[in-house]
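First up is the structure itself, then whatever we jot down about it.
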Amino acid sequence: MTSSTRRMWLLPTGLILLSTIPLVAGGILIDQLNTGSRIIADNAKYLADPVPVVTHIVGVTVFCLLGAFQFSVGFRSRWPRWHRIAGWIVAPCGLAAALSGLYMTVFYPRQVNVGDLLTAFRLVFGTAMAVSLVLGFVAVLRRDIAGHRAWMMRAYAIGIGAGTQAVTQLPVVLAVGPLNVLTNALMSLGAWLLNLAVAEWFIRGRSLRAKPSRRRAVATAA
């Protein structure tokens, strides 16, 4: 495997690994709903109204796994047609995940460690993810590729938040025990903000790299 090939796979592999814990948990929950086995009190709400949670799990799984390859420059340059086709799958799945997540936040009974603060955070970030996806779609229709990539990157950063939350919260849970209502909310917020900060760093870096290219193009044309 060449160095360019390794670089092409590096980002998608890292994003997929980050998604592993919540996606595996979602798969286990769907299996439990399908078989009706091992449904505990916190999961009984899903058995009573399974469509939103199944929609959410399937949508976020496709969004996180297939979407991981959308940000690899190597994949886009080698297979541009694949990138466009995958985009028509990734965006609707992401929107389905965001909207079903909002539905569950509003209408499903809360878990014991979920209070008003975390509920508010989920509503804010779920709405922001849906809006980012719509703005990303509108941008690509306008041929604003830079805007499209920026909004899709922000949407993905929010969508993969559960993976970052699992990574950051697991050591704390192992060290001190279950999180209470406040710490659960604050650590969840921190994971979303961390993802968005990384996304904005990449977006700003792309913008700064593109400016010299535009200046050279103008100078050449002149």
Side-chain angles (χ1 to χ4, degrees), residues 1-32 53-79 82-83 85-87 89-98 100-101 104 118 121-122 125-126 128-129 132-133 136 149-176 178-179 183-184 186-206:
M1 183 181 292
T2 65
S3 59
S4 60
T5 302
R6 285 194 295 269
R7 287 195 300 271
M8 182 179 70
W9 281 95
L10 185 61
L11 180 60
T13 301
L15 293 174
I16 290 171
L17 288 175
L18 185 60
S19 307
T20 299
I21 295 176
L23 295 187
V24 169
I28 293 172
L29 178 57
I30 286 182
D31 180 68
Q32 292 175 351
V53 69
V54 172
T55 300
H56 184 74
I57 293 172
V58 173
V60 80
T61 298
V62 176
F63 183 69
C64 288
L65 296 183
L66 193 58
F69 296 92
Q70 296 295 85
F71 303 106
S72 170
V73 176
F75 273 92
R76 288 202 308 270
S77 60
R78 290 191 184 190
W79 300 289
W82 182 91
H83 175 80
I85 294 173
I89 301 172
V90 169
C93 285
L95 192 59
S100 58
M104 292 189 295
L118 180 52
F121 290 156
R122 286 176 173 175
F125 285 101
M129 179 179 171
S132 296
L133 287 165
R149 290 174 181 169
W151 285 114
M152 294 303 292
M153 195 173 292
R154 293 176 183 119
Y156 192 85
I158 297 171
I160 206 173
T164 306
Q165 289 163 10
V167 171
T168 56
Q169 291 179 12
L170 183 59
V172 178
V173 172
L174 293 176
V176 302
L179 302 177
T183 55
N184 188 30
L186 294 179
M187 291 199 70
S188 296
L189 173 64
W192 275 313
L193 293 179
L194 174 61
N195 283 8
L196 284 172
V198 173
E200 292 299 329
W201 181 78
F202 274 102
I203 292 166
R204 181 173 176 79
R206 285 178 180 274

Interatomic distance, CZ@Arg154 vs CD@Glu200, rounded to 0.5 Å, equals 4.0 Å
What one should report as the nearest heavy-atom pair of Met129 and Ala155 is CG-O, 3.8 Å
- Item | Note, Thr164 side chain near Thr168 side chain (heavy atom, < 4.5 Å) | yes
**Prompt:** Would Gln169 and Thr183 count as a side-chain hydrogen bond (donor to acceptor under 3.5 Å, both in side chains) if you check the C-alpha gap in whole Å, the side-chain angles of each, and the deciding distance to 0.1 Å?
**Reply:** CA-CA 10 Å; Gln169 291 179 12; Thr183 55; over 6 Å; no
Interatomic distance, CD1@Ile158 vs CG@Asn195, rounded to 0.5 Å, equals 9.0 Å
Practice task
Could you tell me if the ring centre of Trp151 sits under 6.0 Å from that of Tyr156?
Solution key: no
Side-chain donor or acceptor of Ser72 paired with backbone N/O of Phe69 under 3.5 Å
no
ask   = Given Leu118 and Arg122, is the side-chain contact (heavy atoms from CB on, under 4.5 Å) satisfied, shown in steps?
value = CA-CA 6 Å; Leu118 180 52; Arg122 286 176 173 175; 3.8 Å; yes
d(Ile85 CD1, Trp79 CH2) to nearest 0.5 Å is 13.5 Å
Rounded to the nearest 0.5 Å, the OG atom of Ser132 sits from the CG atom of Leu95 at a distance of 11.0 Å
Heavy-atom nearest pair, Ala97 first then His56, reads O-ND1, 2.8 Å
Taking every heavy atom of Cys64 against every heavy atom of Leu23, the minimum-distance pair comes out as CB-CD1, 4.3 Å
The reported gap from CD1 in Ile16 to CG in Leu11 (rounded to nearest 0.5 angstrom) is 9.5 Å
In terms of heavy-atom contacts, Pro22 and Ala166 come closest through CD-CB, 4.5 Å
For Ile160 and Leu18 the tightest heavy-atom approach is CD1-CD2, 3.9 Å
What one should report as the nearest heavy-atom pair of Gly159 and Val60 is O-CG2, 4.0 Å
Is it true that a side-chain atom of Gln70 and a backbone atom of His83 form a donor plus acceptor pair closer than 3.5 Å? yes
CD1 (Ile203) and CE (Met152) are apart, to the nearest 0.5 Å, by 11.5 Å
